[in-house]
**Student:** 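Structure in structure tokens, see below.
Side chains included, hydrogens not; waters and symmetry mates left out as well; all remaining heavy atoms used. In each ligand, atom 1 is the first atom listed, and ligand 1 is the first ligand listed. Predicted, not measured: the structure shown is a model, and the values here were computed from it.
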Amino acid sequence: MNKMTYEEIVRFHGHECPGVAMGYRMATAAMNELESIRAEDEEIVAIVENDACGVDALQCVTGCTFGKGNLIFRDYGKHVFTIYCRSSRSGVRVYFHGKGIPQKLGEDRSALTQWILSASRDSLLSVEPAPISEPEPARIRKSIPCSVCGEKVMESRLNQLDGKPICIPCFEKQQ
Ligand SMILES: [Zn+2]
Ligand SMILES: [Zn+2]
């Protein structure tokens, strides 16, 4: 994948905002750090701890997407991205602390965006090595037909009704 410029990422995201600038700084910092531990072309996986604007920048910078199965969302509500190499399970964790953000920026979102883009890394982020210990979930799961609509459903998403497999939309209709 060709690297996208910041301007292209803003176009992809649909607007410029502090969140996309944060995500851009976080993802590029992580990729720079990862370069030193990553074998040539080794596949990477990203774990994001929020689903806000910055995740669009992360997808563009790292190439990790839900569709490829190498983007994992953990709903912790934190400005943290962890990116790791799939085979060696070594990676980096980036946390946006924003400690250096000047108070005078206040509510001025565009000034804040510009500041985030030009600030030194350490005034924005902490970047730490992150060993990944847990195994990844299997990427291909068995699918089983729903007993009501007959459509195939990933096993992990099936409910049971009277001992029969049922998909989530059909299950909700029965309530
Ligand atoms: Zn945004
Ligand atoms: Zn169904």
**Student:** With 2.8 Å as the limit, count the protein N, O or S atoms near the Zn ion (ligand 2).
**Tutor:** 4
**Student:** Checking Asn50 side chain against Gly77 main chain: does a donor-acceptor pair fall under 3.5 Å?
**Tutor:** no
**Student:** Looking at Leu125, is its backbone amide N or carbonyl O close enough to the side chain of His97 to form a donor-acceptor pair, meaning the two atoms are under 3.5 Å apart?
**Tutor:** yes
**Student:** Nearest 0.5 Å, please: how far is CE in Met26 from OH in Tyr95?
**Tutor:** 9.5 Å
**Student:** May I ask you to decide if Ile116's main-chain N or O and Arg25's side chain share a donor-acceptor pair within less than 3.5 Å?
**Tutor:** yes
**Student:** Test question: given the 4.5 Å side-chain rule for I, L, V, M, F, W and Y, name all other residues clustered with Ile166, or answer none.
**Tutor:** Val148, Leu161, Phe171
**Student:** Can you name the closest pair of heavy atoms from Thr62 and Ile83 and give their distance?
**Tutor:** CG2-CD1, 3.6 Å
